[in-house]
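One is the number of the first residue; the rest follow in order along the sequence. Remember, predicted model here, so these are calculated numbers, not experimental data.
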Amino acid sequence: MMQYKFGMEEITTKISILREEFSHLHDYNPIEHVSSRLKSPESIIEKIQRKGCYPSFEAIRETLTDIAGVRVTCSFVSDTYRVFDMLAHQQDLRVIEVKDYIKDPKPNGYRSLHAIVEIPVFLSDGVVPVIVEVQLRTIAMDFWASLEHKIYYKYQREVPRELLEDLAAAAQTASHLDETMERLHNEIRVVDTPDQPGGPDAPEDEGVVPAQTVIEQLREARKRFTE
């Protein structure tokens, strides 16, 4: 479990670095939220029993790929693929499998991009390759998945038919919202070009702040915090 915890933290650190870099150097940040979870030993035992897996460490390692999980919530659908590409091209990370439930949603409406990756964990006695599942989804997808999980938990997987139909309809609504937001985002980026942040008709010097003014503002802010 410690190995999986360290592997999960390695992936989380990589994503946090990307998130902070975008916050400082780029026009917007595609990563809205990052979370992680480690399956409990009880959950692992329950799952290997359900799968009929032989209860050995090696068999569990080969059969279960979601013991350590990292979830990345992005702003737009295109951002899920963008963040995945940035992760996949890192030299010490190996992509084992990708399941694209965004292009091919599950029958119940679930949408997300799943990637099974392998990351090296450097321990005192050597390097251990650890499998981590990375889920990338939009805010709308994440909201829907959270609701679906709560419903299935409440009804112990015996969900009434009418609720399943409502969930499927809600998934379509969430998908339509993602498409609309992506379109609006692209239209704004076309209008707000990098050469003219204020748009085509904006004055050349609009928004330019002299360096000395910024320094004075920082000094004033520091005074307020120290008083």
Full working for side-chain contact (heavy atoms from CB on, under 4.5 Å) between Ile44 and Ile67 | CA-CA 7 Å; Ile44 294 173; Ile67 294 177; 3.9 Å; yes

Between Phe84 and Val98, is a side-chain contact (heavy atoms from CB on, under 4.5 Å) present by the stated rule, with each step listed?
-> CA-CA 10 Å; Phe84 168 70; Val98 178; 3.6 Å; yes

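Enclosure of atom CE in Met86 by more than 12 non-hydrogen atoms of other residues, nucleotides or ligands within 6.0 angstrom is indicated. His26 NE2: more than 12 foreign heavy atoms inside a 6.0 Å radius. Environment of NZ in Lys106: crowded, with over 12 heavy atoms of neighbouring residues, nucleotides or ligands closer than 6.0 Å. No more than 12 heavy-atom neighbours from other residues, nucleotides or ligands sit within 6.0 angstrom of NZ on Lys5. By the 6.0 Å contact criterion, CZ on Arg161 is open, its count of non-hydrogen atoms from other residues, nucleotides or ligands being 12 or less. Within a 6.0 Å sphere centred on CD of Glu20, heavy atoms belonging to other residues, nucleotides or ligands number 12 at most.
Under a hydrophobic-cluster definition in which Ile, Leu, Val, Met, Phe, Trp and Tyr are linked whenever side-chain heavy atoms come within less than 4.5 Å, directly or via other members, Met141 and Ile31 are assigned to the same cluster. Cluster annotation: Leu147 is connected to Val159 through the hydrophobic network of ILVMFWY side chains, with a link wherever side-chain heavy atoms come within less than 4.5 Å. One hydrophobic cluster holds both Met8 and Leu123 under the rule that ILVMFWY side chains link at heavy-atom gaps under 4.5 Å. No path of Ile, Leu, Val, Met, Phe, Trp and Tyr side chains, each step under 4.5 Å between heavy atoms, connects Val70 with Ile139, placing them in separate hydrophobic clusters.
In this structure, His114 and Tyr110 have perpendicular ring planes: the angle between them is above 60°, well past the 30° mark.
Taking NZ of Lys51 as the start and CG of Leu64 as the end, the distance is 7.0 Å to the nearest 0.5 Å. In this structure, Ser146 OG and Arg71 CZ are separated by 8.0 Å, a value rounded to the nearest 0.5 Å. To the nearest 0.5 Å, atoms CD (Glu148) and CG (Leu164) are separated by 9.0 Å.
For Lys103 and Tyr81, the positive end sits near the middle of the six-membered ring, less than 6.0 Å away and at most 45° from its axis.
In this structure, the side-chain hydrogen bond (donor to acceptor under 3.5 Å, both in side chains) partners of Glu32, at least two apart in sequence or on a different chain, are Ser75.
Between Glu179 and Arg183 there is no salt bridge, since none of the side-chain N atoms of the basic residue sits less than 4.0 Å from a carboxylate O of the acidic one.
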